[in-house]
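Per chain, numbering begins at 1; letters A, B, ... match sequence-line order.
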Amino acid sequence: MAHRPFASAPYVVGKGAPAPVEQHIPAEESLCPVISHKWVNSEYKHLIVDASPKALAVKPGQFFNLLCPSPDAGELWLRRPQSVYRIDRENRRVEFLYKCVGRGTYGLATLEPGDELNMVGPLGVGFTIDPAWKHIVVLGRGVGLATLAPISQLAREYGIGVTAILSARSTEFVMADDLFAKVGDVIAVLDTDGTSAVERVEAILTGLIAKRRADAFYTCGSNRLLQLMKRLGKAHGIPGQVAMEQVMACGLGPCYVCVRTFEVNGKKELRRVCIDGPVFDLQEAVGW
Amino acid sequence: MVDMSVKIGSVTLKNPIMPASGCFSTDLAQVIDLNRLGAWSQRPSRANFAPAIRRRACPRSKAA
């Protein structure tokens, strides 16, 4: 009988014979060599790793649970969930864009090219697109921009146009604009000039609806923008999806740490962001 | 291959690996092949589950 590695042995990308790929199991633990890891501004880092075949099957909106090195002498408990920023199937790489805010992400930031990143995934439910749509609207803010970025790849696959409204504190924090510029229009709205105010964003969305350039809504990163899209989506009958963020422990379902409240047909429901999401129907989300 | 089968009462398991309830569920089928286990048990699902831990003072900022 052929040797089968113990279930907990990670797939080591780029070394030795590949582990047997059990097609019915979508996710795996893998050790991925870091190719590039650079600051894109004062708070965000862009991480590129070589990925395993299963990791490359990641869909936009899905995430990996990353084993971050400790940034100090203390232990770092639990993996950190990180949604994929870009999927480069040609070069067999996946990319992450993340904000350094706590010990996990500061620990992750210590990785250098040549180091190995231990990741489990792809996990969760990603974004979906109806091929019948002609033009979609993406509205994101802050860390949400990284999660929404791979929608640009999905839209390109389906030949669908995108208007991306990217909300940020200042021009320094407008990210993923280069990815969305390839598939459509980019509108950056900023705190510095007041264009990110909800009423200003609402005017942009209303204009797009009037021009019939809003077959679907996608959002992530801001509760106020989520509520805006939800309200306009309901009023105009426009379907939508939201990617939720939540603190997680296992990232696989059994621990029930990442539960959030949703509203389905007028009834409150508790769902796990890791396995029922992180992408949910816009109208069912209660708050980001 | 080593025969690791065990008999517990009237049940024969192909190996003695039987994850305890609470730390295991069918959700894990997305990362491991459940057929490789000797057995698995599960407590009744919680109809009205709540977060197992609460978010403590967290440095992660929420935009807008």
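Looking at heavy atoms from C-beta onward, I25(A) lies out of side-chain contact with Q30(B) at the 4.5 angstrom threshold. Looking only at side-chain heavy atoms (C-beta outward), L252(A) and V31(B) come within less than 4.5 Å of each other.
Nearest heavy-atom pair across D27(B) and P254(A) is OD2-N, 3.8 Å. Here the closest non-hydrogen pair linking A29(B) and P26(A) is O-CD, 4.4 Å.
For F217(A), the ring-ring contact (aromatic ring centres under 6.0 Å, His included) test picks out no residue, with sequence neighbours left out.
Heavy atoms of V198(A) lying under 4.5 Å from chain B are absent altogether.
If you take CG on N35(B) and NE2 on H24(A), they are separated by 6.5 Å, rounding to the nearest 0.5 Å.
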